[in-house]
Each structure stands twice: as C-alpha cells, then as structure tokens.
Undergrad: 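I'd like to ask some things about the structure below.
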2 protein chains.
Amino acid sequence: MRPTIKDLAKAAGVSLATVDRVLNERPNVSARAVRKVQDAIKRIGFERNLAAVNLARNRVYRFLFVLPKHGDQYLSELLAEIDSARAPLKSELVEVEVVRLDVENPHAVANLLSSLQTDEVNGVALMAPESPQTRDAVLRLNERDISVVHFLSGQANLEHHDFVGIDNIAAGATAGRLIGRFNAGRSGAIAIITETIHAQDSLKRRLGFDRVIHQIFPTISCLPTLETHGDPARAERIIKQTFANHEDIVAAYIMSPEARVPLEALSHCADLKNLIVVAHERTPFNEEALRDERLDAIIAQNPGHAVRSALRILRARRDRRQPFAAQEKIRIEILLADNL
Amino acid sequence: MRPTIKDLAKAAGVSLATVDRVLNERPNVSARAVRKVQDAIKRIGFERNLAAVNLARNRVYRFLFVLPKHGDQYLSELLAEIDSARAPLKSELVEVEVVRLDVENPHAVANLLSSLQTDEVNGVALMAPESPQTRDAVLRLNERDISVVHFLSGQANLEHHDFVGIDNIAAGATAGRLIGRFNAGRSGAIAIITETIHAQDSLKRRLGFDRVIHQIFPTISCLPTLETHGDPARAERIIKQTFANHEDIVAAYIMSPEARVPLEALSHCADLKNLIVVAHERTPFNEEALRDERLDAIIAQNPGHAVRSALRILRARRDRRQPFAAQEKIRIEILLADNL
DNA sequence: AGGCAAATGAGGTGCGTACCTCAAAATTTG
DNA sequence: CAAATTTTGAGGTACGCACCTCATTTGCCT
C-alpha cells in the first residue's frame with residue numbers, strides 16, 4: 001500500500017499533528033521534528049495524495065485566457081482548442097474562461113488585469129504585446145498570488161515569467177532553411193510578406209530567416225518586408241509592384257498567420273506551382289493550400305499543445321510545483337503535404 | 001459553488017442513494033429515476049469530482065511498459081522519458097513499471113502478458129511486433145479488465161485496440177517529399193537502408209516513400225532496400241557495393257532508428273555534404289549529425305509525447321472514459337538544423 | 001385484494017488530507 | 001527554581017464521493 005500521513009507519522013516517531021505542521025509549513029515546529037519527518041519521507045517514500053489534498057482544500061482552479069478581440073483563423077483554432085479542453089478539465093476542477101479585448105491597447109489590458117480578484121481567478125494566460133503598463137499590471141497580479149503565463153506573445157527570455165510559445169527566431173530560420181533547400185542553389189530573390197512588421201513575432205522571424213539565408217544560401221537574397229495591413233487591395237498593389245521590379249523572385253515567405261490575402265495576390269503575379277511559398281500556422285486555409293501545392297511548407301505551432309501547456313503551467317504554479325519543463329516547450333512543426 | 005451529488009439529488013428530486021445508483025450504474029433503478037437524474041445533471045451542470053472519486057475508490061493506477069530488451073538510442077530515450085514521467089505522476093496515483101524482454105519471441109511476450117494479474121496491473125503499453133500469440137494474450141488481458149495500448153509498434157488500424165505511434169506510411173512519404181524537394185529535379189538514385197526489412201515499420205515507411213518518389217519526383221528512383229542487420233562490416237560492404245554499381249546516387253534514406261552504422265558506411269562512399277540523407281528519430285547521435293550537416297533532416301516521433309500519450313490513454317480506459325483523441329495523435333516531426 | 005419483487009430512501013463508514021482546538025509536555029527565560 | 005513560552009500530541013470536522021445495509025414504499029401480477 002501507498003504510505004499515508006499516518007504511516008509517515010509512525011515512521012517519523014511523531015504525531016499526525018506534527019507531520020501536518022511540517023508538510024504544510026506551519027509555525028512552531030522544532031528543527032529536530034522537521035528533520036525527523038523529512039528523513040521518514042525519504043525512507044518510506046511518502047508522496048502526498050494530490051486527490052486528497054485537493055479534496056481537503058476544496059480547491060478549484062480558475063484560469064483566464066486573455067486573447068485578442070479580432071484575429072485570424074489561427075485565433076479561431078485557439079478558441080476551439082480551449083473549448084475542447086474544457087470538458088475533460090472540468091472533472092479535474094479546472095475552470096477556464098476566455099476574455100477577448102483590444103490587446104493593442106495597453107490600458108485596456110492593464111485595466112482588465114487590475115480588475116481580477118484573487119478569489120475569482122488563480123491564473124492568467126496573456127496573449128498581448130508587451131508594454132510598460134501590462135508589465136506593471138502583471139507584477140501586481142503576482143503580488144496578489146495570481147500567476148501569469150505569456151501566451152504565444154511577449155518575450156520568451158524574461159526570467160521571472162512563464163512563457164508558452166515557439167522561438168520565433170528559430171521559426172524564421174527554419175523557414176529560411178526550407179526555402180534555401182527547396183531552391184537548391186539557384187539564384188534569385190525572396191519576397192517577404194507580413195501583415196505588419198510592428199509585431200514582435202514578425203521581427204524575430206525575419207531576423208532568423210535573414211540570418212540563415214545570408215549565411216547558408218548566398219545565391220538568394222531577401223527583399224524588404226512587404227506589409228499588407230490585412231488589406232487585399234494594398235497587398236495586390238505592393239506585391240505586383242515587387243514582382244515588376246524583381247523578375248528573379250523564386251520564393252515567398254509569409255510571416256503572418258493570415259496567408260489568404262498574400263497568397264491570393266501572389267497567385268496573380270506568378271505560377272504558385274513554381275514559386276516556393278512557406279507560410280505560418282496550420283489553419284484550414286493553409287492546410288488546403290498545402291494540399292493543392294499553392295504552399296510548399298507550413299511552419300506551425302500546435303495550438304492545442306499551446307493551450308494545454310499554458311494550463312499545465314498555471315496549474316503547477318497554483319500548486320506551488322515546478323512546471324514539468326520538458327513537456328512545455330512548444331515545438332516548431334514543419335508541415336508538408338504528407339504529414340498533415 | 002460546484003454542484004455536488006447532494007445538489008444533484010435535490011435537483012433531481014431523488015435520494016442520494018438513487019443518484020449513486022444511477023451514477024455508478026448499479027442495478028434496481030427505474031428508467032424514470034435514471035431520466036430524472038440525467039436531466040438534473042444537464043440542468044445544473046453536474047460534474048463528478050475526479051479527485052473525490054479516486055479517493056473514495058482508493059484507486060491507484062498501475063501501468064506497465066513492455067519494451068524490447070535490446071535496442072538503440074531511441075529506446076534509451078524512451079526509458080528516460082518514462083523515468084522522468086514517474087515522479088510527477090506518482091502524486092496522481094499513477095505507478096509505472098517497465099519490463100524488458102525479447103519481444104521478437106512471441107511466446108515470451110504471451111507468457112508475460114498471461115502472468116499479469118488484475119490486482120497488480122491495470123494497463124499495459126506493449127511495444128512488440130504483432131503475432132497470433134500476442135494477439136490472443138491481449139484479448140485475454142482485456143477479459144481480465146487490463147487494457148492494452150500498442151506502443152510504437154503493431155497495427156495502427158486495429159479498431160478495437162488503442163494505438164500510440166505515428167503513421168509510418170505517412171512518415172515514409174514525408175521523408176520522400178523532403179528528399180525529392182531537396183534534390184530539386186535533378187536525376188539520380190536513392191539508397192534506402194534499414195536494419196531489417198522484417199520490421200513492420202520499415203515496410204510501411206518504404207511503401208510511403210516509394211509512392212511519393214514515383215508519383216511526384218519521377219526524375220529520381222529508389223534502389224532496393226539494404227539491410228545492415230546492425231552489422232557494421234556488412235553495412236560497409238553492401239553500401240560500398242551499391243555505390244559502385246550506381247554512380248548517380250544523390251540521396252540516402254535510413255529507415256531504422258539506428259543511423260550510426262549506415263551513416264558511417266555512407267561517409268566512406270560519398271561526401272555527406274553533397275549527399276542528401278534523411279534518417280529517423282531524434283537521438284543524440286542524430287542530432288549531432290544534423291548539426292554538422294551529415295544528416296539533412298530527421299523524421300521523428302517524440303518519445304516523451306508517446307510515453308505520456310500512452311499513459312493518458314491507459315488512465316482514461318481505467319476510468320472508463322474516452323481518451324481525449326486529439327491530444328493522442330503522435331505527430332510526424334521534421335527536424336532541421338534550425339528547429340532542434 | 002393480497003402477495004411479491006422491484007425501487008427507493010435514510011443513514012452510516014471510509015478514502016487521505018487540511019485545518020482547527022485544547023491540553024500536556026518540553027524547553028527556554030529570568 | 002518557577003514562570004513563560006514553545007513544541008507536541010490527541011482528537012475532531014470537513015471535503016465529495018463510493019459502497020454498504022436495512023427499512024420502507026411503490027408498482028405489478030394474479
């Protein structure tokens with residue numbers, strides 16, 4: 001049988017009350033008692049029964065996803081994943097809510113975060129660009145014992161915050177490597193397209209992409225980033241112009257998750273079958289494009305993994321456990337037509 | 001507050017005992033009572049508290065991994081993953097054991113499976129080739145209420161068994177696609193190497209590989225599969241011979257997880273920098289080979305995911321829940337130097 | 001209507017832990 | 001040394017549910 005606190009008390013030669021004091025770090029315990037209990041824990045291999053702990057504490061986990069109000073297909077995928085994670089988690093006492101707001105407005109984000117009460121929310125997964133206001137609001141949340149996970153946004157390298165998402169520099173590098181290899185030594189230029197270069201994600205991807213192209217595939221060169229701003233007409237215009245100025249375009253890299261508008265425009269400028277096109281995120285549109293060879297590869301971060309990972313981290317923080325790190329690294333997935 | 005069975009009883013207008021009878025499918029309940037309870041469940045959104053259920057049932061989960069006795073680096077990775085999954089799972093009442101035996105011997109496998117007792121083991125993750133004997137033993141395990149997951153082996157398409165692993169046909173196709181694209185229309189031949197074609201995995205990978213090469217990349221052709229049988233001398237000999245007979249080899253596909261022996265032999269026959277080489281599984285050796293460009297891509301199935309997935313399935317089966325399918329599909333990962 | 005089986009309710013116990021109170025013992029302090 | 005303080009132990013209740021017993025009610029059949 002699995003040892004219980006009773007067994008532990010017996011093994012340590014102390015009372016249940018003392019064991020309880022040690023385990024839950026209550027005051028008024030002698031160093032000697034602490035040692036006796038800790039020795040016994042190791043000796044008999046005691047492990048707290050988490051089910052019983054949660055039952056006794058009558059604890060529920062309330063987590064909140066803060067997501068953009070407007071978004072692309074990838075956001076819909078995220079919402080769907082959150083939704084389908086709900087049911088199985090509910091029986092494990094995890095309740096998940098979603099709030100959507102204008103994440104580009106730092107004040108709106110900060111206001112929302114400030115309004116959260118400890119007894120209403122235990123953890124937040126925040127998908128919003130970093131700003132001084134939000135950074136400050138996050139710190140104050142931590143003071144109120146509400147943990148925060150930066151979710152598919154913000155900086156990966158902040159020491160004191162949890163982060164869920166891919167390394168966008170590596171993602172860009174991977175895209176570069178694919179295009180370079182698929183191109184196989186021919187010379188030419190690469191069109192690089194995004195919605196707005198304003199986004200941290202795009203900046204980093206471009207960084208990684210450029211580095212790989214310059215260092216490893218010197219026969220091809222990167223053109224300046226084209227920004228569509230989500231506007232089909234604008235996209236059409238600037239892409240057409242770029243193709244007019246550069247006859248040697250052999251590839252296109254679409255950095256934003258929304259690929260429909262750029263791809264549409266590209267299809268009017270070149271034969272997509274001969275143009276190497278790499279885009280980001282597995283959305284229904286991108287999948288279809290990959291299948292009928294308008295796209296050659298997709299760089300993806302699995303939204304389901306991201307959602308579950310964020311929830312696992314928040315849960316671990318709430319339990320004052322260390323997140324099981326290895327599991328929480330979101331992979332940079334490469335999708336071809338065959339491994340969809 | 002979260003509704004409890006008491007709330008449910010009140011809402012349904014029946015006693016606690018009846019609620020219990022319905023929830024746990026005990027006999028002697030009228031259809032009317034069942035309906036009343038089920039309606040109330042929906043109405044008030046009742047969800048069993050799994051922690052309390054497990055506590056009351058005093059249930060522990062005992063799972064067993066049955067793995068090959070001898071193996072390559074990938075097997076070591078698997079063992080390490082099982083090991084590191086142990087600690088966090090233990091506090092959730094999951095105990096994981098590993099048995100290693102000669103899985104190529106159907107009798108040994110069947111004997112082991114037959115010896116398992118219901119009160120010792122609740123579920124088995126079985127990594128062994130299929131055979132009539134094991135198939136039979138698995139069926140008898142199911143009768144004893146011990147569920148079985150076919151783990152990175154066996155058939156994916158058996159309806160009545162759970163399976164954890166990748167689709168090897170698709171994996172082979174993905175390898176083919178990568179080689180085809182990296183080769184970019186040049187003509188030539190592909191050397192295909194494995195330990196033994198006897199393994200189901202290799203057969204399927206070859207199937208998918210061939211299909212993609214024939215249909216999509218007609219300028220290159222596949223040579224017959226070379227079997228190393230894990231013997232460096234033999235590998236050296238047959239690979240050298242193949243290169244002597246075919247001067248136009250542009251790529252090699254190593255189908256087995258053990259890539260060291262074939263890669264060593266290949267390095268004596270060609271300049272690996274110019275030869276496109278794709279191998280399977282992320283092992284320390286393969287990672288290093290990918291970094292220094294002896295390998296061009298790795299097709300991998302994440303061992304950590306596989307282990308955790310198998311455990312989740314076994315747990316769900318033990319609880320008589322449906323496994324959360326979407327999460328349990330093991331991805332075919334493509335690794336390049338940039339997304340390691 | 002009476003007999004019988006099926007259905008239901010009331011109530012109890014235990015799972016492993018948290019958290020509380022109160023009294024007793026041990027240790028420190030002056 | 002006594003008094004004050006800290007430490008320890010004994011015991012109880014609660015968490016939400018499973019599982020059990022026994023008495024009572026209900027519905028069905030003849």
Side-chain angles (χ1 to χ4, degrees), chain A residues 1-41 44-61 89-95 318-321, chain B residues 1-38 40-41 44-61 89-95 119 318-321:
Chain A
M1 276 305 299
R2 213 186 142 85
T4 70
I5 45 173
K6 282 186 195 174
D7 304 319
L8 180 56
K10 205 176 296 170
V14 299
S15 70
L16 272 178
T18 300
V19 166
D20 177 65
R21 290 184 182 106
V22 174
L23 286 182
N24 297 295
E25 296 176 349
R26 295 184 214 287
N28 297 333
V29 214
S30 66
R32 194 169 134 272
V34 172
R35 201 161 11 83
K36 283 206 284 186
V37 172
Q38 283 172 344
D39 286 354
I41 288 179
I44 68 173
F46 170 81
E47 295 260 352
R48 263 159 140 119
N49 181 333
L50 247 183
V53 172
N54 282 335
L55 184 58
R57 289 208 174 116
N58 202 8
R59 162 173 293 182
V60 293
Y61 303 85
L89 282 175
K90 208 173 168 191
S91 55
E92 299 183 38
L93 307 176
V94 180
E95 285 169 14
R318 172 82 167 119
D319 290 338
R320 283 167 174 54
R321 283 182 294 123
Chain B
M1 279 303 297
R2 216 184 139 86
T4 71
I5 47 173
K6 282 186 196 174
D7 303 320
L8 180 55
K10 205 176 297 172
V14 298
S15 70
L16 273 177
T18 299
V19 165
D20 177 64
R21 289 185 183 105
V22 174
L23 286 182
N24 297 294
E25 295 175 353
R26 297 183 213 286
N28 296 332
V29 213
S30 65
R32 195 169 133 271
V34 173
R35 202 162 7 85
K36 280 205 286 187
V37 172
Q38 283 172 343
I41 288 178
I44 67 172
F46 170 80
E47 296 260 352
R48 261 155 138 124
N49 181 334
L50 247 184
V53 171
N54 281 335
L55 186 58
R57 288 207 175 118
N58 202 10
R59 161 173 294 181
V60 293
Y61 303 85
L89 282 175
K90 207 173 169 193
S91 54
E92 299 183 39
L93 307 177
V94 180
E95 284 169 15
D119 55 348
R318 172 83 167 118
D319 290 338
R320 284 167 174 54
R321 283 181 296 123

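Just so it is clear: chains get the letters A, B, ... in the order the sequence lines come, proteins before strands, and each one is counted from 1.
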Undergrad: So, A:Arg2 side chain and A:Glu47 main chain: donor-acceptor pair closer than 3.5 Å or not?
TA: yes
Undergrad: What salt bridge (charged side-chain N to carboxylate O under 4.0 Å, His left out) pairs are there with at least one residue in residues 7-24 of chain A, not counting sequence neighbours?
TA: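 Only A:Asp20-A:Arg26 qualify under salt bridge (charged side-chain N to carboxylate O under 4.0 Å, His left out).
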Undergrad: Quick one: how far along DNA chain C does chain B reach, first to last nucleotide 5' to 3', anything under 4.0 Å to a heavy atom?
TA: C:dA7 to C:dG16
Undergrad: How long is the gap from CD on B:Glu92 to CD on A:Glu92, to the nearest 0.5 Å?
TA: 7.0 Å
Undergrad: Please output the side-chain donor-acceptor pairs of residues 12-19 of chain A that fall under 3.5 Å, not counting sequence neighbours, one pair per line with the distance.
TA:
from	atom 1	to	atom 2	distance (Å)
A:Ser15	OG	A:Ala17	N	3.4
A:Ser15	OG	A:Thr18	N	3.3
A:Ser15	OG	A:Thr18	OG1	3.3

Undergrad: Begin from the C-alpha positions of A:Asn49 and A:Thr4 and carry the test side chain to side chain contact (heavy atoms under 4.5 Å, CB included) through to its verdict.
TA: CA-CA 8 Å; A:Asn49 181 333; A:Thr4 70; over 6 Å; no
Undergrad: Under the criterion side chain to side chain contact (heavy atoms under 4.5 Å, CB included), I'd like the reasoning laid out for A:Arg48 against B:Ser91: C-alpha separation, chi angles, the key distance, then a yes or no.
TA: CA-CA 6 Å; A:Arg48 263 159 140 119; B:Ser91 54; 5.7 Å; no
Undergrad: If you restrict it to nitrogen or oxygen atoms, what contacts under 3.5 Å exist between nucleotides 10-17 of chain D and the protein, and what is each distance?
TA:
from	atom 1	to	atom 2	distance (Å)
D:dC15	O2	A:Leu55	O	3.4
D:dC15	O2	A:Ala56	N	3.3
D:dG16	N2	B:Ala52	O	3.4
D:dC17	OP1	B:Asn49	N	3.3
D:dC17	OP2	B:Ile5	N	2.6

Undergrad: Please give, in whole Å, the distance from D:dG9 P to A:Arg26 CZ?
TA: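 For the pair A:Arg26 CZ and D:dG9 P, the rounded distance is 15 Å.
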Undergrad: Enumerate the protein-to-nucleotides 23-27 of chain D contacts in which both atoms are nitrogen or oxygen and the separation is below 3.5 Å.
TA:
none

Undergrad: Roughly how far, to the nearest 0.5 Å, is CG of B:Leu55 from CG of A:Asn54?
TA: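 Those atoms lie 10.5 Å apart.
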Undergrad: With rounding to the nearest 0.5 Å, note down the distance linking CZ in B:Phe46 to NZ in B:Lys6.
TA: 12.5 Å
Undergrad: What's the spacing between B:Leu8 CG and B:Gln38 CD if we round to 0.5 Å?
TA: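 Taking CG in B:Leu8 and CD in B:Gln38, the distance rounds to 10.5 Å.
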Undergrad: What residues, two or more places apart in sequence or in another chain, satisfy side-chain contact (heavy atoms from CB on, under 4.5 Å) together with B:Arg321?
TA: B:Arg315, B:Ala316, B:Asp319
